[in-house]
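Below is one structure, written out as structure tokens; comments come after it.
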2 protein chains.
Amino acid sequence: MTSDHLSRTGFRRAALGRRTGCNIETIRYYENIGMMPDPPRTAAGYRVYDETHVSRLRFILRARQLGFSIEEIRGLLGLVDSGSQTCAEVKERTERHLADVRARIADLARIERVLSETVTKCSGENVPECPVLEALTPRPVLA
Amino acid sequence: MTSDHLSRTGFRRAALGRRTGCNIETIRYYENIGMMPDPPRTAAGYRVYDETHVSRLRFILRARQLGFSIEEIRGLLGLVDSGSQTCAEVKERTERHLADVRARIADLARIERVLSETVTKCSGENVPECPVLEALTPRPVLA
DNA sequence: CCTACACTCTGTAGTAGCTACAGAGTCAAG
DNA sequence: CTTGACTCTGTAGCTACTACAGAGTGTAGG
């Protein structure tokens, strides 16, 4: 690695992955779908990253950790990139996402309740009859 | 539709879909991946279903509603099909799945907490500064 | 100078669980 | 004999990655 090819602060994909905890294939994926900018290249075609890429990737990763979809993140990044973001707009988007998260929790909580209630009815013995299987086997409509 | 081709109780894909609330493409998908048996066919190649298919499909759909994965359902069906199911075995599998559901709830609850706490800090005004964006923008390590 | 090794490049395929479509065939009723 | 509703098949699309093959690059050690 010569300092001709990588500027004093530049580094490559593996280093970006190491600094952010991101899989290096994922970095390329984010570039392909336009979430990360196409970085400059060395003469040999190697990507060269700097601190701006670290920041942007961390933003994306943190948003993913908070359950934002790629499209939601793309929207947030678009606002920030254009400098047109306002707290009002971001708050609204976050509240929409939050509603979605709460809906998913409600779904899972319903599942959790049914499963845990059913499982308590299980004898846990070596018999073929099982309340779980009965719950999965809908009874005839008229019986 | 002649009664030569469809036995007295037989019906086709759209009818099976209607009776179970299942998308007809999904039925074919379950057959392709071996969750549903290949049904008999008419001379023209049309699938012919009966009540056994209704039961099995309802089992699958109900299990999906309870969050079981296709592979988990395949396992349960395998037990039932071989007649070797015991309450002990089914209970164990259900508890493993339940643990998974609870882990997913915990993940989402953590997300919900962070998002809702952050959103309460939002002024919601037409200013560019936003606590949500700050939460997504990791501060420098030494500052 | 050569080789070994670590890294990078690209395109592509696989994961889960469906869902949808194109283009062809079938069947019964009007 | 046409219309319309159904069916058939293979295949592609969706989300968000992850992994691999096969080729190229750059550097350190011998």
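Computed over heavy atoms, backbone and side chain alike; hydrogens, waters and symmetry mates excluded. These numbers come from a predicted model, not from an experiment.
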Which whole-number value in Å describes the distance from [X] [atom1] to [N] [atom2]?
X	N	atom1	atom2	result
Arg64(A)	dT18(D)	CZ	C1'	14 Å
Gln65(B)	dG17(C)	CD	P	15 Å
Ile27(A)	dA16(D)	CD1	P	18 Å
Leu61(B)	dC18(C)	CG	C1'	12 Å
Met36(A)	dC17(D)	CE	C1'	15 Å
Leu66(B)	dG17(C)	CG	C1'	17 Å
Ile60(A)	dA16(D)	CD1	P	12 Å
Ile73(A)	dT15(D)	CD1	P	13 Å

Charged N-O contact under 4.0 Å between [X] and [Y]:
X	Y	value
Asp100(A)	Arg96(A)	no
Glu51(B)	Arg19(B)	yes
Glu31(A)	Arg47(A)	yes
Arg102(B)	Asp107(B)	no
Glu89(B)	Arg93(B)	yes

Could you tell me which residues satisfy side chain to side chain donor-acceptor pair (under 3.5 Å) with Arg13(B), sequence neighbours excluded, listed by chain and number?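 With sequence neighbours excluded, Arg13(B) shows a side chain to side chain donor-acceptor pair (under 3.5 Å) to no residue whatsoever.
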Just call it for Phe68(A): base, sugar-phosphate, or nothing, with non-hydrogen atoms closer than 4.0 Å on any strand.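 Touches nothing.
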Using a cut-off of less than 4.0 Å, is there contact between a side-chain N or O of Tyr30(A) and OP1 or OP2 of dC17(D)?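 Checking dC17(D) against Tyr30(A), a side-chain N or O does come within under 4.0 Å of OP1 or OP2.
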When you check the phosphate oxygens OP1 and OP2 of dC17(D), does a side-chain N or O of Thr26(A) lie under 4.0 Å from one of them?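 Indeed not, no polar side-chain atom of Thr26(A) lies that close.
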Quick one: what's the B/S/- string for nucleotides 8-15 of chain C, heavy-atom cutoff under 4.0 Å, read 5' to 3'? SSBBB---
Are side-chain heavy atoms of Pro39(A) and His53(A) found at a separation under 4.5 Å?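 Yes - at least one pair of side-chain heavy atoms lies under 4.5 Å apart.
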Closer to the 5' end of DNA chain C via nearest nucleotide, is it Asn23(B) or Ser69(B)?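 Looking at DNA chain C, the more 5' nearest nucleotide goes with Ser69(B).
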